[in-house]
Amino acid sequence: MTRTAIIGGGIAGLTAAWELARSGHQVDLYEAGSRLGGAIAPVALSGVRVDAGAEAFATRTPAVVEFLRELGLEDQVISPNPLGAWLQLPDQASPMPATGVLGVPANPRAEDVIAILGAEHAARAAADFDSPMRWSAAQNPALGEVVADRMGPAVVERLVAPITSGVHSADPYELAISSAHPELYRTMLAEGSLARAVASLRRAAPAGSAVQSLHGGMNTLISALESQLRQLGANIHLNTEVQDLGTLEADAVIVATEAPQVRRLISGGSQPAGLSASRSPGEDSGVALVTLLLHAPEMDVWPRGTGMLVAPTVRHIRAKAMTHISAKWEWVAQALEHQLGPSHHLLRLSFGRVTDTAGSLGFRSSDSDLLGAAITDLPALTSIAVSHDQLVDHTVVRWQAGLPGGSPQQRSDAQHIRELLRARHSAEGPRIAVTGAWFSGTGLAQIIPDARRTAQQILAP
Ligand SMILES: Cc1cc2nc3c(=O)[nH]c(=O)nc-3n(C[C@H](O)[C@H](O)[C@H](O)COP(=O)(O)OP(=O)(O)OC[C@H]3O[C@@H](n4cnc5c(N)ncnc54)[C@H](O)[C@@H]3O)c2cc1C
């Protein structure tokens, strides 16, 4: 039995802890805050509990579903309303094209793509099928660079940026393609075309919806992990911020925290050699989420499907995304109806892009400014006029961690830290490894398998 210490009780730390504890190792999990889960947490509005942070996981690989099955949560897995989301552009609002990956179309000549790009830009995008490939495996370019080169900048602006800014909190020209979707670049090189790569990934993905969640929200995964860890005998230390790895009594340490803490912890306070001194884009930014509980029979028709992603070029709406939570997840609609009666709706608006300038509405804005903007944006986002008296309840939640930006620089820093730690493995002292969004890439589909691998590898001979 090996004694392992895990720093950080977000999904990465919890997953690594579970992997080790179930293999019979002694686990001490240290979490600086008063609760586990990090960027996965619940929030309650008028007695209805929904996710305050992450609310779903990508199904492009079976990794998360397999993990949930091993935890005994398979029966709780749910799919969203297949209506899908919409896209708000400066000049139009349209349903999101049906067959894409990160907004990149599999068929640039499809009608729903032409409706958004226009015939000329769609023809430019289709040039991807025949143009020579100038990218190579040795490069780690930004998603926006690759898409602009293969399909033209209009595809980045109108289809990709709304998704990367709304979902990843990243500018597509600052988001490494390897971070956004690890297989996309490799498949593009193999296929000789970005569109063919998207089509091939779509074909290879498990049937059904691109994302799934758990009945009761992703936050129920945290409670399940916590109770299984306790049953397995793991020691969970809440309100315990680890400042110095040297104070831990452990044979192996896994650090699963955000970038600034990782840097400080593994280097004893100084900047590790070889890392860029500048902070990665996104490290200092955050998002603010305003969740509105409305009594609005006009919304029973789900006017914008499951929600809306707003292109950064849109000036008349300040939110970057809106999720119609009760349209997206049936259990939420049922809980609202049960608790409050019919025609109650939950909508979540997010504010704050990495590209925002000082003075933009976002992470640092006051609750009242954010609520005011959410109410003002709502008619444009939903096509329905909603008045202040229809507001039953609201919450404002801010997140600064959990979205590391994923720039090429951040990816190479992450890789460098991992190599540095691997090189130290032969030296005296406990083995140290790192995991979490900053190393694996944002999103549970990348974080969970990475945390499991990290836990398995740290004890390997
Ligand atoms: C608003 C929002 C919505 C999102 N939506 C989705 C989604 O729908 N689907 C998806 O896949 N992903 C989503 N994400 C991304 C995903 O939630 C995060 O990438 C993921 O939860 C990060 O997990 P983590 O364990 O790496 O880090 P975190 O969740 O940030 O956890 C790190 C933990 O370490 C603790 N810690 C830090 N320093 C120390 C220390 N020195 N000692 C002890 N503890 C420490 C922190 O308190 C924290 O609890 C979303 C993120 C946000 C913010």
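Read the numbers this way: they start at 1 and go in the same order the structure lists the ligands and their atoms.
Under a 3.5 Å cut-off, the side chain of H25 and the backbone N or O of T2 do form a donor-acceptor pair. Distance alone, capped at 3.5 Å, places no donor-acceptor pair between the S179 side chain and the L175 backbone. Between the side chain of S440 and the main chain of G436, a donor-acceptor pair closer than 3.5 Å is present. A distance-only check finds no donor-acceptor pair linking the side chain of R202 to the backbone of T99 [under 3.5 Å]. Looking only at distances, no side-chain donor or acceptor of T59 sits under 3.5 Å from a matching main-chain atom of Q212. Remark: side-chain polar atoms of S23 are paired, donor with acceptor, to backbone N or O of E19 under 3.5 angstrom.
Neither the backbone nor the side chain of Q243 has a heavy atom within less than 4.0 Å of ligand 1. Proximity of A58 to ligand 1, defined as any heavy-atom pair under 4.0 Å, is not found for any part of the residue.
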In residues 32-47, what donor-acceptor pairs under 3.5 Å come from side-chain atoms, sequence neighbours left out?
{"from": "R35", "atom 1": "NH1", "to": "G38", "atom 2": "O", "distance (Å)": "3.3"}
{"from": "R35", "atom 1": "NH2", "to": "G38", "atom 2": "O", "distance (Å)": "2.8"}
{"from": "S46", "atom 1": "OG", "to": "D393", "atom 2": "OD2", "distance (Å)": "3.2"}

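Within the structure, ligand 1 has T240 among the residues with a heavy atom less than 4.0 angstrom away.
Applying the 4.0 Å criterion to heavy atoms of G38 picks out, from ligand 1, the atoms 29 (O), 31 (O), 49 (O). Near I447, meaning under 4.0 Å from any of its heavy atoms, are these atoms of ligand 1: 18 (C), 19 (O), 20 (C), 22 (C), 23 (O). With ligand atoms numbered from 1 in the order given, ligand 1 contributes 15 (C), 19 (O) to contacts under 4.0 Å with heavy atoms of T442. Each of the atoms 25 (O), 29 (O), 31 (O), 33 (C) of ligand 1 lies under 4.0 Å from some heavy atom of G10.
Within a 6.0 Å sphere centred on CD of E70, heavy atoms belonging to other residues, nucleotides or ligands number more than 12.
Residue E55 holds the heavy atom nearest to atom 8 (O) of ligand 1 of all those in E55, Q400, R398. Of the candidates T435, T257, L444, T257 brings a heavy atom nearest to atom 39 (C) of ligand 1. The heavy atom nearest to atom 43 (C) of ligand 1, considering only A32, A41, G436, is found in A32. Ranked by closest heavy atom to atom 24 (P) of ligand 1, the top entry among S350, A445, A12 is A12. Which of S440, A56, G37, S213 comes nearest to atom 9 (N) of ligand 1 through a heavy atom is settled by distance: it is A56.
The structure places CG of L221 at 6.0 Å from CG of L214, a figure rounded to the nearest 0.5 Å.
Under the salt bridge (charged side-chain N to carboxylate O under 4.0 Å, His left out) criterion, D28 pairs with R3, sequence neighbours left out.
Residue I7 places no N or O, backbone or side chain, under 3.5 Å from any N or O of ligand 1. Checked by distance only, ligand 1 and F57 stay at 3.5 Å or farther apart across all their nitrogen or oxygen atoms. Residue L265 has no N or O atom closer than 3.5 Å to an N or O atom of ligand 1. For the pair E31 and ligand 1, the shortest N or O to N or O distance falls below 3.5 Å. For a threshold of 3.5 Å applied to N or O pairs, the pair formed by E241 and ligand 1 contains no separation below that value.
With contacts defined as side-chain heavy-atom distances shorter than 4.5 Å, the pair I116/P97 qualifies.
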